[in-house]
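Here the structure comes first, spelled out in structure tokens, and everything after it is commentary.
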Amino acid sequence: VAGLTLARVGAKADGIPIRGTGSSFMVSPDNEVVAFLGYAGAADLTVNNEWKVNEAMAKEALKKRFQAVPEELPIERVYMLEGNQAEPYWEAMVRDARGEWNVLISARTGEIERVESLRWGQALGYAFDSNPVKAGVAQVQLQNLTSSSSLTGTNARVYSYLPNLLFLAQPRLFLQLAEPLGGNYLYPPSNPRFSEVQLYHGIDRAASLFRGLGFPGFGRPLEGVVLYKDLMQIQGQNVFVGQNNAYFSPAEFSNRGGLFFYLTSRNRDTAWDSDVIFHEYTHAVVNALVGRNQGKTFRAINEGVADYFAASFLGDPAMAEWAALIFGERLPFLRTVDNPNSWPQNLVGEEHVDGNIWSGTLWDLRRALGPDRANRIALASLAVMDGNAEFFDGALEEL
């Protein structure tokens with residue numbers, strides 16, 4: 001400011017830096033201290049100088065965690081402030097195929113205690129790439145983050161309804177519970193914050209996939225809510241009731257639109273199914289392209305398009321195996337886009353069922369032309385339809 005420079009001097013013990021401590025000054029161009037901005041640290045600071053783990057042992061821990069750690073990798077001693085105690089650690093900067101990481105290894109136990117991304121906008125998290133029926137939890141990259149304290153990014157902002165269910169907040173107050181631990185969101189499925197990570201990962205993936213087809217996005221993060229239930233009065237009591245459902249509403253979040261993922265009546269989580277996330281995200285895309293005023297037949301087209309993109313993006317015609325399981329369906333999937341349904345023979349008047357006609361048509365197109373061409377045609381056809389379009393209109397647009 002006005003030629004002044006901010007300078008910071010960190011505290012040390014035995015010549016080893018103590019992270020989280022130090023004094024800040026404003027220095028003039030003549031190297032004069034013109035302002036003391038304060039001291040960061042702890043009162044009555046004590047130092048634990050028991051270095052039970054040497055440099056070679058710390059590097060072995062790194063090699064077990066990361067591939068191809070070079071022998072000459074720089075690694076240095078640091079103290080980390082924990083309360084009023086400075087604890088000994090080894091610190092290293094590691095680069096691998098996934099990114100660049102600041103790693104802290106405890107000099108007492110030899111365990112890696114923190115791995116933090118050095119690339120802005122990225123963090124690690126646990127999520128199901130598809131759903132729990134198909135595969136277990138994987139460590140994934142959470143991309144496009146714009147916040148260092150919550151799951152908010154260029155494409156997504158996610159919330160939890162859990163405080164409402166526990167009567168810790170007013171109904172329909174949406175709160176962000178997931179916080180980065182060491183820069184990452186490595187919550188296991190047993191932690192309710194895992195659902196926020198799962199939804200962020202799903203929305204961000206869907207946004208990137210649609211952007212690759214030419215859809216520019218919404219110009220803002222799309223909001224989503226996990227662990228949702230309806231508040232109902234039963235025998236004079238306020239009771240939260242689960243549903244076998246997830247939905248997109250264009251009216252939520254001050255008419256910006258948002259995604260909602262229910263807990264079922266048995267408290268099973270619909271957000272754990274990537275098919276369901278991609279399906280609901282596609283509804284938001286259709287709403288952006290066509291508008292919210294949609295006739296009965298176009299609503300069936302909307303459902304079919306949503307099923308198709310979920311299946312096409314994941315490369316599997318079977319839709320929502322996890323949702324089918326927790327909904328108590330007899331089939332091992334909720335719907336399949338690899339179906340023989342045709343118009344008008346298979347019309348029944350229910351939009352999800354009638355949507356099978358459109359999803360099956362698009363899947364046949366995908367089989368004939370390949371996923372990229374078929375996906376682009378499916379998206380482009382929406383841009384020239386309106387909410388009154390019927391199956392015959394849609395077929396003409398596909399040609």
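Excluded from the calculations below are hydrogen atoms, water molecules and symmetry mates; all remaining heavy atoms, backbone and side chain alike, are included. In what follows, residues are counted from 1 in the order of the sequence shown.
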Original post:
Can you list the residues that meet the salt bridge (Lys or Arg N to Asp or Glu O under 4.0 Å) rule with Arg299, with sequence neighbours excluded?
Top reply: Glu351
Original post:
How far apart are the C-alpha atoms of Arg172 and Glu252, what are their side-chain angles, what is the distance that settles it, and do they pass the salt bridge (Lys or Arg N to Asp or Glu O under 4.0 Å) test?
Top reply: CA-CA 11 Å; Arg172 297 193 62 76; Glu252 295 285 355; 2.6 Å; yes
Original post:
Do His279 and Glu303 have side-chain atoms, one donor and one acceptor, less than 3.5 Å apart?
Top reply: yes
Subject >> Crowding at CZ, Arg268 (>12 non-hydrogen neighbours, <6.0 Å) >> reply: no
**OP:** Give a yes or no on whether the backbone of Leu263 and the side-chain of Asp269 come within a donor-acceptor separation of less than 3.5 Å.
**Re:** no
Subject >> No-hydrogen, no-angle side-chain donor-acceptor test under 3.5 Å, Glu87 and Asn48 >> reply: yes
Original post:
Any donor and acceptor pair, going by atom type alone, linking the side chain of Gln170 with main-chain N or O of Leu173 inside 3.5 Å?
Top reply: no
Original post:
Where is the tightest heavy-atom contact between Ala318 and Asp275, given as atom of each residue plus distance?
Top reply: O-OD2, 3.6 Å
Subject >> Inter-residue atom distance Ile203.CD1 - Ile277.CD1, 0.5 Å rounding >> reply: 7.0 Å
Original post:
How is the hydrophobic cluster of Val239 composed, in terms of its other members, when Ile, Leu, Val, Met, Phe, Trp and Tyr link through side-chain heavy atoms under 4.5 Å apart, directly or indirectly?
Top reply: Met232, Ile234, Val241
Subject >> Nearest heavy atoms of Val276 and Ala320, plus distance in Å >> reply: CG2-CB, 4.1 Å
**OP:** Kindly say whether the aromatic ring centers of Trp51 and Tyr79 come within a distance under 6.0 Å.
**Re:** yes
**OP:** Specify whether Phe218 and Phe215 have parallel, tilted or perpendicular ring planes, treating 30° as the upper limit for parallel and 60° as the lower limit for perpendicular.
**Re:** perpendicular
**OP:** Would you please indicate yes or no on a ring centroid separation below 6.0 angstrom for Tyr228 and Tyr159?
**Re:** no
Subject >> Expected output: side-chain Tyr185 to main-chain Leu142 donor-acceptor under 3.5 Å >> reply: no
Subject >> Inter-residue atom distance Ser359.OG - Met319.CE, 0.5 Å rounding >> reply: 8.5 Å
Original post:
Quick check, are the ring centers of Tyr247 and Phe261 under 6.0 angstrom apart?
Top reply: no
Original post:
Under 3.5 Å, is there a donor-acceptor pair between the side chain of Asp273 and the main chain of Trp322?
Top reply: yes
Original post:
Which heavy atom of His201 sits nearest a heavy atom of Ala127, and at what distance?
Top reply: CD2-CB, 3.9 Å
Subject >> Glu223: partners by salt bridge (Lys or Arg N to Asp or Glu O under 4.0 Å), with sequence neighbours left out >> reply: Arg157, Arg220, Arg256
**OP:** Show the numbers, then the answer: is there a side chain to side chain contact (heavy atoms under 4.5 Å, CB included) between Tyr89 and Ile105?
**Re:** CA-CA 5 Å; Tyr89 285 85; Ile105 305 105; 5.9 Å; no
Original post:
Do Ser342 and Gln345 have side-chain atoms, one donor and one acceptor, less than 3.5 Å apart?
Top reply: yes
Original post:
Rounded to the nearest 0.5 Å, what separation is found between the CG atom of Leu81 and the CG atom of Leu45?
Top reply: 6.0 Å
Subject >> Shortest non-hydrogen contact between Pro317 and Asp338, atoms and distance >> reply: CB-CB, 3.6 Å
Original post:
When clusters are formed by joining ILVMFWY residues with side-chain heavy atoms under 4.5 Å apart, either directly or through shared neighbours, do Phe298 and Leu289 land in the same one?
Top reply: yes
**OP:** Output the distance between atom CG (Asp129) and atom CD (Gln139), rounded to the nearest 0.5 Å.
**Re:** 11.5 Å
**OP:** Scan side-chain atoms only and decide if Glu91 and Asn102 contain a donor-acceptor pair under the 3.5 Å cut-off.
**Re:** yes
**OP:** Take Asp230 and Tyr262 through the side chain to side chain contact (heavy atoms under 4.5 Å, CB included) test and state the conclusion after the steps.
**Re:** CA-CA 9 Å; Asp230 292 320; Tyr262 278 93; 3.0 Å; yes
Subject >> Output field: ring centroids Phe174/Phe260 closer than 6.0 Å >> reply: yes
Original post:
Do any N or O atoms from the side chain of Gln176 and from the backbone of Val158 form a donor-acceptor pair under 3.5 angstrom?
Top reply: yes
**OP:** Could you tell me whether the side chains of Lys229 and Asn267 share a donor-acceptor contact shorter than 3.5 Å?
**Re:** yes
Original post:
Between Thr264 and Asn244, do the side chains contain an N or O donor and an N or O acceptor separated by less than 3.5 Å?
Top reply: no
**OP:** Can you measure from OG (Ser106) to CE (Met80) and round to the nearest 0.5 angstrom?
**Re:** 11.5 Å
Original post:
Between Tyr126 and Val197, is there a donor-acceptor pair closer than 3.5 Å when you use the side chain of the first and the backbone of the second?
Top reply: no
**OP:** Return yes if some donor-acceptor pair links the side-chain N/O of Asp307 with the main-chain N/O of Thr336 below 3.5 Å, else return no.
**Re:** no
Original post:
When rounded to the nearest 0.5 angstrom, what is the spacing between CD1 in Ile75 and CG in Leu62?
Top reply: 5.0 Å
**OP:** Might you confirm whether atom CZ of Arg367 has over 12 heavy atoms from other residues, nucleotides or ligands at distances under 6.0 Å?
**Re:** yes
Original post:
Do any N or O atoms from the side chain of Thr152 and from the backbone of Ser147 form a donor-acceptor pair under 3.5 angstrom?
Top reply: no
Original post:
So, Gln122 and Gln143: side-chain donor and acceptor under 3.5 Å apart, yes or no?
Top reply: yes
Subject >> Lys/Arg N to Asp/Glu carboxylate O, Lys63 vs Glu71, below 4.0 Å >> reply: yes
**OP:** Please determine, by modelled atom types, if Thr46 and Gln85 share a side-chain donor-acceptor pair under 3.5 angstrom.
**Re:** yes
Original post:
If only atom types and distance count, is the side chain of Asn191 paired as donor or acceptor with the main-chain N or O of Arg193 below 3.5 Å?
Top reply: yes
Original post:
Is a side-chain donor or acceptor of Arg292 paired with a backbone partner of Pro250 at a separation under 3.5 angstrom?
Top reply: yes
Original post:
Take atom CD in Glu82; do more than 12 heavy atoms of anything else shown fall under 6.0 Å from it?
Top reply: yes
Subject >> Pair Lys134 + Glu321, salt bridge at N-O below 4.0 Å >> reply: yes
**OP:** Would you mind reporting whether Leu227 and Pro192 have side-chain heavy atoms less than 4.5 Å apart?
**Re:** yes
Original post:
Is the Phe128-Phe194 ring centre distance short of 6.0 angstrom?
Top reply: yes
Original post:
Can the ring centres of Phe278 and Tyr308 be said to be less than 6.0 Å apart?
Top reply: no
Original post:
Do you see a donor-acceptor pair shorter than 3.5 Å between the side chains of Asn184 and Arg114?
Top reply: no
**OP:** Would you please say whether a donor-acceptor pair under 3.5 Å links the side chains of Gln294 and Asn302?
**Re:** yes
